[in-house]
*Asks:* 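Below are the structure tokens for one structure; questions will follow.
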Amino acid sequence: MIRLMIVDDELVIRKGLETSVDWASLGIEIVAQASNGRDGLSRALVMQPDIILSDVKMPVMDGITMVQEVRKKLPNVHVVMLSGYSDFQFTRQAFKAGAVDYLLKPVSVEVLTELMGKLQGKIYEERENRRQRQNRGQIIHQALPVLRGELFLKYARGEITQEEFWSRGMAKLGFLLGGPFYQTVILEYDAYHQMIKGKEDSGLMQYTLSNIAGEILGTLGQVTVCYLSESRILAVISTEEESSLYQVAEYCREVQFYVMRYFGQTVTAGIGACGDGEKILKESFAQAEEAVKSKVIRGKNQIVTYEDVGEREDDRFLVLPAEMEKNLREQIRLQKEMEVQKQLDQIFIQCLKGRTDRKEIQRFCILLVSILFQELESGKTEGEILRDGNLFEEIERCEIFFEMRMWVKHIYSQMFQRLEQSQSSQYHGIVKKTMEYAMEHYAEKLKATDMAALAFVTPNYFSRIFKQETGENFTEWLNKYRIEKAKELMSRESEDKSYEIAMKVGFQDYKYFTYIFKKYTGYSPVNYRNLSRT
């Protein structure tokens with residue numbers, strides 16, 4: 001709707017203009033009226049009309065003076081002057097003041113309607129142009145951190161020269177590089193994939209982190225924020241004096257505090273060196289990147305400086321030694337789950353020691369899972385696993401070493417459990433019936449004698465048949481099943497205490513539960529739980 005204001009010192013003229021034209025059919029609304037230029041000016045500033053119909057000669061303040069003042073504050077308003085005078089001097093003054101047209105009184109309805117139609121089209125066009133300019137401005141403003149990140153990465157990889165980076169960065173993308181000292185800090189959201197799964201606004205998260213970092217690190221000097229990825233930003237700091245690592249680390253802790261306060265999320269910071277001269281930027285960035293990568297072994301919510309990161313122990317491509325792979329495959333075929341889990345621990349300790357490249361470790365984990373699938377004849381190769389949306393997303397969510405190790409071990413455990421369930425489905429009669437009952441009532445007190453009574457056979461006969469079909473006695477089988485249920489409860493981040501979980505899965509004696517748990521997993525319940533939450 002177009003907004004119109006009428007200004008004239010004669011009431012009859014104002015009423016005539018208001019009633020003689022069907023403004024609503026033209027898409028125009030009269031939002032204000034005034035009897036003099038001063039009143040018209042104040043009302044225009046409040047109501048902000050698109051069109052003003054104003055007389056020239058009025059008391060207190062004339063129409064031309066009013067237009068001059070209005071146009072200073074509302075440059076987009078369209079003013080049509082009305083006058084009973086045909087003198088050229090008034091016409092010239094009106095157009096000079098900013099009027100778009102000049103009509104002589106009395107104005108015919110046809111002439112006024114035609115003029116309003118023309119102005120309406122012009123106003124809508126101007127609105128659309130302003131909207132597009134605003135949108136383009138917003139898009140460019142929002143895209144700047146992304147464009148800066150792309151440019152900086154090209155510079156860091158050696159794809160463009162320092163001179164190209166300097167000229168394009170400062171002239172077009174707003175890099176603040178006054179110097180003479182430069183430093184970089186990389187900030188990365190922890191558990192980013194879980195946040196996205198929880199439908200957090202990723203754009204808002206980036207914006208919030210960059211704003212907080214820019215404001216707090218800006219205390220050191222000039223800060224330019226670049227987006228390196230959806231979860232990672234880079235702060236390029238330009239200072240007049242060299243900053244101490246302790247000082248930068250303290251500011252990063254402040255960033256962590258406010259991100260946790262506003263988003264409830266943790267952030268890991270990697271800090272590169274501060275040095276004199278532009279060339280330090282590349283070196284500082286490489287150091288900050290290595291510092292952030294070390295999150296894989298240091299854990300989340302860390303502040304790591306370049307001094308904290310030693311030399312990488314091994315830059316060779318990560319592979320599984322042939323002898324280790326052979327032993328692993330053999331134990332999988334023999335379906336010895338405990339031996340397999342021990343071998344996995346050994347593989348992770350020996351093969352991944354000192355490794356900080358998260359993507360490389362994730363690929364290695366996929367390799368281990370593919371070996372399992374191949375040996376159990378599930379048909380999935382490493383390439384097929386990478387194309388499997390669920391498994392690929394799961395390993396992508398693992399950010400630290402322990403999470404990746406537990407993910408692999410959990411996949412192995414699940415596969416052996418499914419295999420065991422599949423085999424148990426082949427059991428017949430007494431054994432099948434008692435197994436099904438035990439799986440539903442595992443939290444209760446169950447004994448072999450109870451199962452024998454349930455099957456209407458003697459305890460000795462039941463024990464013999466059960467051992468023949470399963471290869472183990474009933475108590476051993478039930479303990480393994482209960483431990484698997486306990487592990488499931490722990491993996492769900494249950495707030496229950498370990499002794500409460502023991503009770504839930506059927507162990508009345510916590511010491512006995514601890515003994516059985518360690519026997520089958522290699523860990524005490526407390527250690528297993530603490531490790532799974534590291």
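Computed from a prediction, not measured in an experiment: that's the story for all the values here. Each residue takes its place number in the sequence, starting with 1.
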*Asks:* Please examine the side chains of Lys300 and Glu403, heavy atoms only from C-beta on, and report whether any two atoms are closer than 4.5 Å.
*Replies:*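 Glu403 reaches Lys300 side chain to side chain.
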*Asks:* Of all heavy-atom pairs between Ala34 and Arg43, which one has the smallest distance, and what is that distance?
*Replies:*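 Scanning both residues, the minimum pair turns out to be CB-CD, 4.4 Å.
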*Asks:* In the structure I gave you, are the side-chain heavy atoms of Val292 and Arg232 within less than 4.5 Å of one another anywhere?
*Replies:*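 Yes, close enough: below the 4.5 Å cut-off.
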*Asks:* Using modelled atom types and a 3.5 Å cut-off, is there a donor and acceptor pairing between side-chain atoms of Thr268 and backbone atoms of Glu188?
*Replies:*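 A pair under 3.5 Å: no.
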*Asks:* Quick one: does Arg148's side chain have a donor or acceptor within less than 3.5 Å of a partner on Gly169's backbone?
*Replies:*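 Such a contact is absent between Arg148 side chain and Gly169 backbone.
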*Asks:* Thr305 and Asp308: side-chain donor and acceptor closer than 3.5 Å?
*Replies:*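 Note: Thr305 and Asp308 side chains meet the donor-acceptor criterion.
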*Asks:* Measure the CZ-CG distance between Phe364 and Leu368 for me, rounded to the nearest 0.5 Å.
*Replies:*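 Output value for this atom pair is 4.5 Å.
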*Asks:* Mind checking whether Gln362 and Ile366 have side chains closer than 4.5 Å, heavy atoms only?
*Replies:*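 A side-chain contact is absent here, since even the closest heavy-atom pair is not under 4.5 Å.
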*Asks:* Is there a donor-acceptor contact under 3.5 Å from the side chain of Arg14 to the main chain of Asp8?
*Replies:*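 It does hold such a pair.
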*Asks:* Backbone N or O of Gly63 within a donor-acceptor pair of the Ser54 side chain at under 3.5 Å?
*Replies:*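 Between the backbone of Gly63 and the side chain of Ser54 there is no qualifying donor-acceptor contact (under 3.5 Å).
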*Asks:* Give me the atom names and distance for the closest heavy-atom approach of Val185 to Cys252.
*Replies:*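 That would be CG1-SG, 3.8 Å.
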*Asks:* How far does CD1 of Ile237 sit from SG of Cys274, to the nearest 0.5 angstrom?
*Replies:*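 Answer for the CD1-SG pair, Ile237 versus Cys274, is 8.0 Å.
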*Asks:* Donor-acceptor check, side chain of Ser231 to backbone of Tyr189, threshold 3.5 angstrom: yes or no?
*Replies:*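 No; judged by distance alone, with no hydrogens or angles, the pair does not exist.
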*Asks:* Establish, yes or no, whether the cationic atom of Lys282 lies under 6.0 Å from the six-membered ring centre of Tyr155 and within 45° of the ring axis.
*Replies:*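 Here Lys282 passes the 6.0 Å and 45° test against Tyr155.
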*Asks:* Is it true that a side-chain atom of Arg168 and a backbone atom of Leu173 form a donor plus acceptor pair closer than 3.5 Å?
*Replies:*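 No.
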*Asks:* May I ask you to test the Gln183-Thr239 pair for a side-chain heavy-atom distance under 4.5 Å?
*Replies:*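 Sidechains of Thr239 and Gln183: no contact.
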*Asks:* With rounding to the nearest 0.5 Å, note down the distance linking CE in Met260 to CD in Gln265.
*Replies:*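 Here the rounded value is 7.0 Å.
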*Asks:* If I compare all heavy atoms of Glu29 with all of Met1, which pair ends up nearest, and what's the gap?
*Replies:*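 Smallest interatomic distance, heavy atoms only, reads CB-CG, 3.7 Å.
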*Asks:* Is a side-chain donor or acceptor of Ser42 paired with a backbone partner of Asp39 at a separation under 3.5 angstrom?
*Replies:*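 Yes: the side chain of Ser42 pairs with the backbone of Asp39.
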*Asks:* Side chains of Leu17 and Leu82, heavy atoms from C-beta outward: is any pair under 4.5 Å?
*Replies:*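 Contact flag for Leu17/Leu82 side chains = yes.
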*Asks:* Quick check: are there more than 12 heavy atoms from other residues, nucleotides or ligands sitting under 6.0 Å from CD of Glu250?
*Replies:*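 Yes, CD of Glu250 has more than 12 neighbouring heavy atoms, counting only those of other groups under 6.0 Å.
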*Asks:* Where do Ala288 and Gly270 come nearest, in terms of heavy atoms and distance?
*Replies:*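 Smallest heavy-atom distance, with atoms named: CB-O, 3.5 Å.
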*Asks:* Other residues, nucleotides and ligands only: do more than 12 of their heavy atoms fall within 6.0 Å of CZ on Arg3?
*Replies:*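 Buried by this count: over 12 neighbours within 6.0 Å.
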*Asks:* Test Arg363 against Glu360 for salt bridge (charged side-chain N to carboxylate O under 4.0 Å, His left out), laying out the working first.
*Replies:* CA-CA 5 Å; Arg363 185 207 62 79; Glu360 189 179 20; 5.9 Å; no
*Asks:* Look at the aromatic rings of Phe348 and Phe401 and report parallel, tilted or perpendicular, splitting at 30° and 60°.
*Replies:*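 It falls in the perpendicular class, over 60°.
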*Asks:* Working to the nearest 0.5 Å, report the span between CD1 of Ile186 and CD of Gln287.
*Replies:*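 Ile186 atom CD1 to Gln287 atom CD measures 10.5 Å (nearest 0.5 Å).
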*Asks:* Could you report the tightest heavy-atom contact between Ser35 and Pro59, atom names first, then the distance?
*Replies:*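 Heavy atoms only, the tightest pair is O-CD, 4.4 Å.
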*Asks:* Looking only at heavy atoms, what is the nearest atom pair of Val236 and Cys226, with distance?
*Replies:*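 Residues Val236 and Cys226, closest heavy atoms: CG2-SG, 4.3 Å.
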*Asks:* Distance check, rounded to the nearest 0.5 Å: Ile6 atom CD1 versus Trp23 atom CH2?
*Replies:*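 So the CD1 of Ile6 and the CH2 of Trp23 are separated by 6.0 Å.
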*Asks:* Step by step, would you call Asp190 with Lys295 a salt bridge (charged side-chain N to carboxylate O under 4.0 Å, His left out)?
*Replies:* CA-CA 9 Å; Asp190 300 322; Lys295 173 171 73 172; 2.9 Å; yes
*Asks:* Dump the intermediate steps for side chain to side chain contact (heavy atoms under 4.5 Å, CB included) on Leu115 and Val107, then the final yes or no.
*Replies:* CA-CA 11 Å; Leu115 177 59; Val107 181; over 6 Å; no
*Asks:* Do you know which of Arg127, Gln120, Glu125 makes side-chain contact (heavy atoms from CB on, under 4.5 Å) with Ile123?
*Replies:*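 It is Arg127, the one option of Arg127, Gln120, Glu125 that forms the side-chain contact (heavy atoms from CB on, under 4.5 Å) with Ile123.
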*Asks:* Starting from the C-alpha separation in whole Å, work towards a yes-or-no answer on side chain to side chain contact (heavy atoms under 4.5 Å, CB included) for Val77 and Arg71.
*Replies:* CA-CA 7 Å; Val77 72; Arg71 294 279 296 175; 4.0 Å; yes
*Asks:* Tell me, yes or no, whether the heavy-atom count around Glu215 atom CD, taken from other residues, nucleotides or ligands under 6.0 Å, exceeds 12.
*Replies:*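 Open: at most 12 neighbouring heavy atoms sit under 6.0 Å from CD of Glu215.
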*Asks:* Can you tell if the side chain of Phe181 reaches within under 4.5 Å of the side chain of Ile280, non-hydrogen atoms only?
*Replies:*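 They are not in side-chain contact.
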*Asks:* Do Thr266 and Asn301 have a side chain donor and acceptor closer than 3.5 Å?
*Replies:*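 No, no side-chain donor-acceptor contact under 3.5 Å.
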*Asks:* Verify, without hydrogens or angle tests, whether Ser413 (side chain) and His410 (backbone) share a donor-acceptor contact under 3.5 angstrom.
*Replies:*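 Such a contact is absent between Ser413 side chain and His410 backbone.
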*Asks:* Taking C-beta and beyond as the side chain, do Ile233 and Pro145 meet within less than 4.5 Å on heavy atoms?
*Replies:*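 SC-SC contact between Ile233 and Pro145 ruled out.
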*Asks:* From Ile2 CD1 over to Met116 CE, what is the distance, rounded to the nearest 0.5 angstrom?
*Replies:*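 Here the interatomic distance stands at 10.0 Å.
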*Asks:* Given salt bridge (charged side-chain N to carboxylate O under 4.0 Å, His left out), test Glu159 with Lys154 step by step and report yes or no.
*Replies:* CA-CA 5 Å; Glu159 296 174 13; Lys154 286 182 179 180; 5.5 Å; no
*Asks:* Between Val408 and Leu372, does a side chain to side chain contact (heavy atoms under 4.5 Å, CB included) hold up when you go through it step by step?
*Replies:* CA-CA 10 Å; Val408 172; Leu372 171 68; over 6 Å; no
*Asks:* Could you tell me whether the side chain of Ile361 reaches within less than 4.5 Å of the side chain of Val296, counting heavy atoms only?
*Replies:*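 Yes. Closest side-chain heavy atoms under 4.5 Å.
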*Asks:* Please test Leu153 against Phe285 for side chain to side chain contact (heavy atoms under 4.5 Å, CB included), starting from the C-alpha separation and ending with a verdict.
*Replies:* CA-CA 10 Å; Leu153 288 175; Phe285 175 71; 3.7 Å; yes
*Asks:* Parallel, tilted or perpendicular: which one describes the rings of Phe175 and Phe152, with boundaries at 30° and 60°?
*Replies:*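 Correct class here is parallel.
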